[in-house]
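A quick write-up on the structure given underneath.
Owing to the predicted nature of the structure, the values given are computational and were not obtained by experimental measurement.
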Amino acid sequence: SAMPRSPRYTRGPTRSSDWSSHEAFSLKVHNPGRYGFGQRVEGISQVLDLGIVIVNYNVRDLLSDCLASVYDSRGSFAFGVCVVDNASGDGSADMVAAEFPQVRLIRAENRGYAAGNNLGLKAFGFGPQGSEDDTGTYDRLESATPRFALLLNPDTILPPSALADMLRFMEDHPEAG
């Protein structure tokens with residue numbers, strides 16, 4: 001039996017997105033609140049602080065709650081999210097496209113968790129450049145490589161300050177990671 005979904009992560013209105021260019025969100029401490037993203041960065045003229053990769057396989061509702069918690073984050077940083085869907089049969093990819101159009105979605109053949117993470121990392125510019133990826137495309141996000149990457153499981157619910165706290169820790173402890 002399915003567990004009831006937390007009302008805290010019921011999504012509000014979303015914005016449409018044209019994925020010919022990537023979108024990043026700068027969260028401002030003085031402008032918190034669900035979907036209060038501060039400014040939208042057009043064409044990624046700034047470097048992302050954080051690239052978040054989520055590999056998904058048949059956990060649509062958990063993924064939805066995870067993404068809602070990511071976009072409910074507080075702090076002052078720019079981030080992007082890439083979901084790699086490993087050929088889920090539960091409508092996960094369609095849910096992401098419809099409810100989280102700001103997410104970079106890769107619909108992939110299921111080659112496993114590690115391969116999915118590699119696809120997402122490559123989309124953010126990590127790894128060798130100028131070669132085809134496993135999907136036969138050169139589909140890299142049009143931005144500089146983020147300063148940090150986070151591989152996030154789709155069953156994770158983030159506390160609102162988790163990403164800002166993590167980034168602060170990483171900046172304060174360059175020997176970590």
Side-chain angles (χ1 to χ4, degrees), residues 2 5-6 8-27 34-35 37 40-41 44 48-73 75 77-127 132-160 162-163 166-167:
R5 295 180 51 163
S6 168
R8 178 171 179 219
Y9 296 105
T10 301
R11 285 156 318 282
T14 58
R15 292 182 270 198
S16 62
S17 169
D18 173 9
W19 270 106
S20 60
S21 66
H22 174 65
E23 293 185 48
F25 296 93
S26 293
L27 300 179
R34 171 145 309 150
Y35 306 107
F37 293 114
R40 179 177 165 203
V41 181
I44 308 301
L48 293 176
D49 294 304
L50 181 62
I52 302 171
V53 176
I54 303 171
V55 176
N56 178 71
Y57 181 69
N58 285 330
V59 289
R60 179 189 61 232
D61 292 341
L62 293 174
L63 175 62
S64 178
D65 287 344
C66 176
L67 288 169
S69 76
V70 167
Y71 287 105
D72 199 28
S73 293
F77 56 92
F79 71 98
V81 178
C82 179
V83 169
V84 178
D85 185 73
N86 276 343
S88 296
D90 68 350
S92 292
D94 292 338
M95 178 277 298
V96 171
E99 297 181 25
F100 297 94
Q102 68 273 34
V103 168
R104 169 66 170 98
L105 174 62
I106 298 175
R107 296 173 191 252
E109 174 182 325
N110 190 346
R111 295 186 181 173
Y113 181 74
N117 278 312
N118 286 338
L119 283 175
L121 289 169
K122 186 157 186 171
F124 278 115
F126 294 98
E132 285 185 78
D133 64 25
D134 290 343
T135 63
T137 67
Y138 298 87
D139 200 10
R140 181 177 179 272
L141 300 175
E142 297 174 10
S143 67
T145 302
R147 295 182 322 123
F148 298 101
L150 172 62
L151 305 180
L152 187 63
N153 287 342
D155 61 350
T156 304
I157 301 294
L158 296 176
L163 296 178
M166 178 194 69
L167 288 169

Straight-line distance of Met166 CE to Phe77 CZ, nearest 0.5 Å: 7.5 Å
Least distance between heavy atoms, Thr145 atom then Gly125 atom: OG1-O, 3.2 Å
Stepwise side chain to side chain contact (heavy atoms under 4.5 Å, CB included) check, Asn117 with Val84: CA-CA 7 Å; Asn117 278 312; Val84 178; over 6 Å; no
Side chain Arg104, main chain Val81, donor-acceptor under 3.5 Å: no
Considering all heavy atoms, the nearest Cys66-Pro154 contact: CB-O, 3.3 Å
Side chain to side chain, Leu152 and Leu158, heavy atoms closer than 4.5 Å: yes
Atom of Arg60, atom of Met95 and distance for their closest heavy-atom approach: O-CE, 3.5 Å
Interatomic spacing from CG in Leu67 to CG in Asn56 - rounded to 0.5 Å: 8.5 Å
Nearest non-hydrogen partners of Ser64 and Glu99, listed with the distance: OG-OE1, 4.0 Å
Ring pair (Phe, Tyr, Trp, His ring centres under 6.0 Å) between Tyr71 and Phe79, worked out: CA-CA 10 Å; Tyr71 287 105; Phe79 71 98; 5.4 Å; yes
Approximate separation, where rounding is to 0.5 Å, of Ile52 CD1 and Cys82 SG: 11.0 Å
Test item: Ser69 side-chain N/O and Ile157 main-chain N/O as donor-acceptor pair under 3.5 Å: no
Leu119 side, atom CG; Asp85 side, atom CG - distance, nearest 0.5 Å: 11.5 Å
Heavy-atom side-chain proximity of Leu48 to Phe124 below 4.5 angstrom: yes
Exercise: identify the closest heavy-atom pair between Leu50 and Pro146: C-CB, 3.9 Å
Asn58 (side chain) donor-acceptor with Gly89 (main chain) under 3.5 angstrom: yes
Verdict with supporting geometry, Asn86 and Tyr113, side chain to side chain contact (heavy atoms under 4.5 Å, CB included): CA-CA 8 Å; Asn86 276 343; Tyr113 181 74; 5.7 Å; no
Atom pair CG (Leu163) and CG (Leu150), whose distance is rounded to the nearest 0.5 Å: 6.5 Å
Heavy-atom pair of closest approach, residues Ser92 and Val59: OG-N, 3.9 Å
Exam field: side chain Asn153 to backbone Asp155, donor-acceptor pair closer than 3.5 Å: no
Pairwise distance CG(Leu167) to CG(Asp49) - rounded to 0.5 angstrom: 6.0 Å
